[in-house]
Amino acid sequence: MFNRRIYLIALSLLIWAAQCSAQQNDLTVDIVLARVREHVAEYRTLIPSFITDESVLSQRFDGEKLKDEMKVESSFEVVRQGPGDNLRETRIKNLVNGRAPKNQKVTPPFTFHGGFADVIRFTEDKCANYRFAEAPSDGNPIVVLGSSKPSSSDRPAACTAQIYDFKAFIDPKTFHVLRLERTIQDLATGIIGHVPFVPMPSSHNVLIFSVDYMPVELGGKTFWLTRTVTADLKDKNKPIRLHYEAHYTNYHRFAATTTILGVDPGAAQQ
């Protein structure tokens, strides 16, 4: 009787594993992206206003030599403005290189934007071709690769000639993005340094960045928010490199309080 019970348990586990494997094999890139977009839509419409501690390291290198560095500690806020997905991002710089700044006009050697919004762009990129890195397998992250569409009849007219590729690691059970990696060629940089007349990467460059996400509970609901952002911009012909990294901790809801003061009846009569 005991052996029969073990046999039935083992058989049920095998059936469950086979069902999970079949579900994984039935996945397509379109199905995976659709599930990820559901979470993106949820973030846009349901995320409450929140605040998090942001720690940034910004550096400029000439070859292997560090030429410039700035460390910034900030309070990063995402505030919901009305219904829908209208979210406003702001930050208050608390410390710059360990000291309170005189004002908020602080320009590091290299500033990178997109750590929070890039997962949204990844799911909605109509100028990219998507594919699996390999067939999804049970228990392992789903890896979706993407690259810019070449010039052809099926590429939307709004797409630029920008050459890029990306890799997304997606949880196979929840379909949340765990990590996003992206490489962009020949990014138009403009003036990005805070010191004039110093060597900076030209527009003949390569930008490599990654974003790691983690589950955060806000208002009784779990959202996957940015944990770490790293970015490196390198000139293809000169030994110049810009480095940026940001870490996010202590997520909590942001709430403004309003105090209604009573009216002095005597003052109102005067």
Side-chain angles (χ1 to χ4, degrees), residues 20 23-24 26-52 54 76-91 112-133 136 140-149 154-160 162 164-182 184 209-229 231 246 248-256:
C20 292
Q23 291 174 0
Q24 290 288 332
D26 289 339
L27 287 176
T28 65
V29 171
D30 289 340
I31 291 174
V32 172
L33 292 178
R35 293 293 304 275
V36 174
R37 289 190 193 103
E38 291 176 5
H39 295 307
V40 171
E42 188 176 65
Y43 168 85
R44 283 174 156 173
T45 57
L46 298 181
I47 187 79
S49 299
F50 67 84
I51 186 169
T52 177
E54 178 187 61
F76 181 77
E77 301 174 0
V78 174
V79 178
R80 179 169 296 283
Q81 296 182 309
D85 59 357
N86 188 11
L87 301 172
R88 175 176 57 86
E89 297 181 1
T90 60
R91 58 175 44 81
F112 176 81
H113 299 285
F116 276 82
D118 214 81
V119 68
I120 297 174
R121 288 197 292 266
F122 148 70
T123 62
E124 299 177 348
D125 193 346
K126 300 185 183 302
C127 300
N129 289 318
Y130 298 88
R131 67 189 188 280
F132 285 134
N140 295 323
I142 300 169
V143 182
V144 174
L145 303 178
S147 58
S148 52
K149 289 182 178 179
D154 66 336
R155 189 177 76 173
C159 297
T160 67
Q162 188 84 67
Y164 61 87
D165 58 75
F166 51 80
K167 179 187 292 187
F169 298 83
I170 301 167
D171 185 89
K173 295 181 180 178
T174 64
F175 293 92
H176 282 288
V177 177
L178 306 173
R179 177 177 171 86
L180 185 62
E181 301 173 356
R182 194 177 184 103
I184 305 175
F209 70 88
S210 63
V211 185
D212 290 292
Y213 300 89
M214 64 180 177
V216 176
E217 184 176 327
L218 294 172
K221 188 171 182 61
T222 299
F223 299 90
W224 283 70
L225 302 176
T226 303
R227 179 178 62 188
T228 305
V229 179
Y248 298 87
T249 57
N250 190 29
Y251 278 94
H252 54 279
R253 292 192 64 174
F254 173 82

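Distance check: Gln162 CD to Ser148 OG gives 8.0 Å after rounding to the nearest 0.5 Å. Distance CZ/Phe132 to CG/Leu145: 10.0 Å, rounded to 0.5 Å. Of the inter-residue distances, the one linking Ser210 atom OG with Phe169 atom CZ reads 10.0 Å to the nearest 0.5 angstrom. Atom CD of Glu77 and atom OG1 of Thr90 lie 4.0 Å apart (nearest 0.5 Å).
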### Query
Given Val36 and Val177, is the side-chain contact (heavy atoms from CB on, under 4.5 Å) satisfied, shown in steps?
CA-CA 7 Å; Val36 174; Val177 177; 3.8 Å; yes
### Query
Checking side-chain contact (heavy atoms from CB on, under 4.5 Å) for the pair Leu218/Ile47: CA distance, chi angles, key distance, verdict?
CA-CA 8 Å; Leu218 294 172; Ile47 187 79; 3.7 Å; yes
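At least one side-chain heavy atom of His252 sits under 4.5 Å from a side-chain heavy atom of Ile51. The closest side-chain heavy-atom distance from Asp125 to Tyr164 is below 4.5 Å. Counting only heavy atoms from C-beta outward, the side chains of Phe175 and Val32 approach each other to under 4.5 Å. Between Lys167 and Val143, some side-chain heavy-atom pair lies under the 4.5 Å cut-off. Phe223 places a side-chain heavy atom less than 4.5 Å from the side chain of Pro48. Within the 4.5 Å cutoff, side-chain heavy atoms of Leu27 are placed close to those of Ile142. A 4.5 Å side-chain heavy-atom check between Val216 and Phe50 finds every atom pair outside the cut-off. Residues Val144 and Ile170 have side chains in contact (heavy-atom distance under 4.5 Å, counting atoms from C-beta outward).
Side-chain N/O atoms of Tyr213 and Asp171 include no donor and acceptor closer than 3.5 Å.
Side chain of Arg37 to main chain of Thr123: a donor-acceptor pair is present (N/O by atom type, distance under 3.5 Å, no hydrogens or angles).
Applying the side chain to side chain donor-acceptor pair (under 3.5 Å) rule to Thr228 yields no partners; only residues at least two apart in sequence or on another chain are considered. Scored by the ring pair (Phe, Tyr, Trp, His ring centres under 6.0 Å) test, His176 finds His39, Trp224 as partners (sequence neighbours excluded). Contacts of Tyr251 classified as side chain to side chain donor-acceptor pair (under 3.5 Å), with partners at least two apart in sequence or in another chain: none. The ring pair (Phe, Tyr, Trp, His ring centres under 6.0 Å) check on Phe112 picks up Phe209, with sequence neighbours excluded. Partners of Asn250 by side chain to side chain donor-acceptor pair (under 3.5 Å), not counting sequence neighbours, listed by chain and number: Asp53. For Arg35, the side chain to side chain donor-acceptor pair (under 3.5 Å) criterion is met by no residue, not counting sequence neighbours.
Checked for salt-bridge contact, Arg91 and Glu54 meet the test: a charged N lies under 4.0 Å from a carboxylate O. Between Glu42 and Lys221, at least one side-chain N (NZ, or NE/NH1/NH2) sits under 4.0 Å from a carboxylate O, which counts as a salt bridge. Using a 4.0 Å cut-off between a side-chain N of Lys or Arg and a carboxylate O of Asp or Glu, Arg179 and Glu181 qualify as a salt bridge. Ion pairing between a basic and an acidic side chain is recognised when a charged N comes within 4.0 Å of a carboxylate O; Glu38 and Arg44 show no such pairing.
Nearest approach of Lys149 to Lys126, heavy atoms of both residues: NZ-O, 3.4 Å. The nearest pair of heavy atoms linking Met214 to Tyr248 is CE-O, 3.6 Å. The shortest non-hydrogen separation linking Leu225 to Tyr43 is CD2-CE1, 3.5 Å. The minimum heavy-atom distance between Arg131 and Ser147, with the atom names listed, is NH1-OG, 4.1 Å. Residues Arg80 and Thr45 share a closest heavy-atom pair of NH2-C, 3.5 Å. Closest of all the heavy-atom pairs between Pro172 and Pro141 is CD-CA, 4.0 Å.
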